[in-house]
Amino acid sequence: MKCKQLLVKGKAKSVYSTDVKDTLIIEFRDDITAFDGGKKDILSNKGNYNAEVSAFFFQYLGRNGVRTHFSTMLDPHHMVVRKLEMIPLEVIVRNIAAGSLVRNYPFREGTLLDPPLIVIDYKDDTRHDPMLNDEIIIALKLATPAELKKIKKMALEVNRLLGALLAAQGITLVDFKIEFGRRGKMVYLGDEISMDSMRLWDKTTGESLDKDVYRFEKGDVMAIYQKVAERITAPIKDLI
Ligand code: ADP
Ligand code: CDP
């Protein structure tokens, strides 16, 4: 299979059509951005680490009953996926207060959120991804009530599965963002799940193991991404 036509060039990934029906190739590029694209760099191999971790998570989730777009890897930074009609929602699940939750609301960083919070933002860079509520999502017809219910259920299931997998590796899943798409009446998990879209803390040291290292210049981003990718993808027999 080969990339045919560039369909979308996003901030960190490019999406190509292929010669196979309903099948796309996502290229994980080495671009990294933060603060609404205000901070940008190219970090050699970043795409490979994110693709490797995403593929690992999609396969693990798939084996555990979550419907995902993942098909296979063509090479370390090209992922073959099922084409979805993307739903423009950024679905964020939070287990511990951090990031914008702490900046915008009187939560103390590090507070356990039990049950986890689901926060849904509108995926629209020109509007700076404003937070939505169920009524706005339905009124804008971004998703139907049935889809929204399914999305929330799937997001919590992804959280449960990823939280258990990462905990076994000594990593706390603080929060993460996922995207969904539809095919007919079916909702699928799409896009990526990687160090760029999760907040991960080392359980013992509290050290950041994700894009916060880049955002706030906490250390050598690529050394940390490489170490985390190795740690996450180490086989854990009981869980997968
Ligand atoms: P962004 O700049 O929007 O964050 P990325 O650089 O992550 O985008 O580019 C990936 C693009 O591919 C996003 O627009 C995402 O919604 C889209 N996408 C992800 N998975 C699929 C899929 N299975 N089918 C169609 N589009 C997808
Ligand atoms: O990262 P920031 O503090 O600005 O935003 P957040 O709302 O605290 O982000 C919550 C989680 O979603 C973090 O793991 C982010 O990395 C992720 N996220 C993302 O991947 N893409 C976005 N556009 C927004 C958040």
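Read the numbers this way: they start at 1 and go in the same order the structure lists the ligands and their atoms.
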Has ligand 1 got any nitrogen or oxygen that is less than 3.5 angstrom from a nitrogen or oxygen of [X]?
X     : answer
Ala12 : yes
Leu84 : yes
Lys13 : yes

Looking only at protein heavy atoms, identify the closest one to [atom] and say how far it is in Å.
atom                    : value
atom 24 (C) of ligand 2 : Glu90 OE1, 3.6 Å
atom 8 (O) of ligand 2  : Ser100 N, 2.8 Å
atom 18 (N) of ligand 2 : Lys177 CB, 3.6 Å
atom 15 (C) of ligand 2 : Arg215 NH2, 3.7 Å
atom 11 (C) of ligand 2 : Asp175 OD1, 3.3 Å
atom 15 (C) of ligand 1 : Asp191 OD1, 3.5 Å

> Would you call Asp191-Lys13 a salt bridge at under 4.0 Å N-O?
Replying inline: yes

> Hey, are Glu230 and Lys227 close enough for a salt bridge, meaning a charged N less than 4.0 Å from a carboxylate O?
Replying inline: no

>> Given Arg183, Glu85, Met86, Glu179, identify the one with the heavy atom nearest to atom 26 (N) of ligand 1.
In response: Met86

> Are the ring centres of Phe58 and His69 closer than 6.0 Å?
Replying inline: yes

Using a distance-only test with no angle check, is there a side-chain donor-acceptor pair under 3.5 angstrom linking [X] and [Y]?
X      : Y      : value
Thr23  : Arg82  : no
Tyr16  : Glu27  : yes
Asp124 : Thr126 : yes
Asp41  : Tyr214 : yes

> So do Asp121 and Leu132 actually touch side chain to side chain, heavy atoms under 4.5 Å?
Replying inline: no

So if I count the atoms of ligand 2 from 1 in the order they appear, which ones are less than 4.0 Å from some heavy atom of [X]?
X      : result
Gly99  : 3 (O), 8 (O)
Asp129 : 23 (N)
Asp196 : 16 (O), 20 (O)
Arg199 : 1 (O), 2 (P), 3 (O), 8 (O), 9 (O), 10 (C), 13 (C), 14 (O)
Arg103 : 2 (P), 3 (O), 4 (O)

>> Checking contacts here: is it the side chain or the backbone of Lys123 that comes within 4.0 Å of ligand 2, counting heavy atoms only? Could be both or neither.
In response: neither

> Which is it for Met198 and ligand 2 at heavy atoms under 4.0 Å: side chain, backbone, both or neither?
Replying inline: backbone

>> Angle between ring planes, Phe107 versus Tyr105, binned at 30° and 60°: parallel, tilted or perpendicular?
In response: perpendicular

Would [X] count as a contact residue for ligand 1, given that I'm defining contact as a non-hydrogen atom of the residue lying under 4.0 Å from a ligand atom?
X      : answer
Gly181 : no
Lys123 : yes
Leu7   : no

Output side-chain donor-acceptor pairs under 3.5 Å for residues 162-187, partner residues at least two apart or in another chain, one line each.
| from | atom 1 | to | atom 2 | distance (Å) |
| --- | --- | --- | --- | --- |
| Gln169 | NE2 | Arg231 | O | 2.8 |
| Gln169 | NE2 | Ala234 | O | 3.2 |
| Asp175 | OD1 | Arg199 | N | 3.4 |
| Asp175 | OD2 | Arg94 | NH1 | 3.4 |
| Asp175 | OD2 | Arg199 | NH1 | 2.8 |
| Lys177 | NZ | Glu179 | OE2 | 2.9 |
| Glu179 | OE2 | Lys123 | NZ | 3.3 |
| Arg182 | NE | Glu147 | OE2 | 2.7 |
| Arg182 | NH1 | Glu85 | OE2 | 2.8 |
| Arg182 | NH2 | Leu142 | O | 3.2 |
| Arg182 | NH2 | Glu147 | OE1 | 3.0 |
| Arg183 | NH1 | Lys83 | O | 2.6 |
| Arg183 | NH2 | Asp22 | OD2 | 3.0 |

